[in-house]
Amino acid sequence: KNEVEQSPQNLTAQEGEFITINCSYSVGISALHWLQQHPGGGIVSLFMLSSGKKKHGRLIATINIQEKHSSLHITASHPRDSAVYICAVYTSGTYKYIFGTGTRLKVLA
Amino acid sequence: GAGVSQSPSNKVTEKGKDVELRCDPISGHTALYWYRQSLGQGLEFLIYFQGNSAPDKSGLPSDRFSAERTGGSVSTLTIQRTQQEDSAVYLCASSFSGVGTGELFFGEGSRLTVL
């Protein structure tokens, strides 16, 4: 079992839909990052969380430390949101990030 | 620089040759990470630098892989006697604090193809 699990692996949505991507982890963490990778490979950091909730534009990220779970929400989705969304946890006491395998999102116009 | 810079962006080499990949992190970032992403796969940790030292080399796949960082800045990842299974995108990331509380900035990657 992977230490960081994401669901779903693939998601197709219609423009305007509300989207949720989930990340569960089994290790102790100092922080959790949500990353976005567009076709062509560039990776951008969307959020870094250690507790609570953060919002940036149409993106909202939440984390529940007790339940070892985080969600990334996209409101009013748009085709330009099509990308792979990756959850990465920074494990307590180490220098390593452990990455989920990503959620491939496609938003149709 | 303004962002993390990696070179070359693409490298095609023959099996058995050595390759060197370069990462120039954001100025002032103390932490530098190398990852590898094979086609359709997730990110695989290779090595982490804090300053010039590498506290964690556990991700390096074999002794053909080595990395160094000089002056707390530029890092090079060297792959000796390349094999076809080394074909992947090699990504570099840097952050300010290096203890998981700083935002990660990624380079565009170096795509390595071993024929």
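Quantities reported herein were computed from a predicted structural model and do not represent experimental measurements. Just so we're on the same page: letters track the sequence lines, and every chain starts at 1.
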task: To the nearest 0.5 angstrom, please state how far the CG atom of A/Leu35 sits from the CG atom of B/Leu43.
output: 8.0 Å
query: Just wondering, are more than 12 heavy atoms of other shown residues or ligands nearer than 6.0 Å to CD in A/Glu15?
result: yes
query: Side chain, backbone, both or neither: which part of A/Ile98 has a heavy atom under 4.5 Å from chain B?
result: neither
task: Step through it carefully: locate the ring centre of A/Tyr97, locate the ring centre of B/Tyr35, and say whether they are under 6.0 Å apart.
output: no
query: Should the heavy atoms of other residues, nucleotides or ligands under 6.0 Å from CD of B/Glu85 be counted, would the total exceed 12?
result: yes
- prompt: Hey, quick one: are B/Leu104 and A/Val84 part of the same hydrophobic cluster, counting side-chain heavy atoms closer than 4.5 Å, chains of contacts allowed?
  reply: yes
field: Nearest-0.5 Å distance, OG of residue B/Ser95 to NE2 of residue A/His33
entry: 7.5 Å
message: Is there a continuous path of hydrophobic side-chain contacts, each under 4.5 Å between heavy atoms, that joins B/Phe49 to A/Tyr90?
response: no
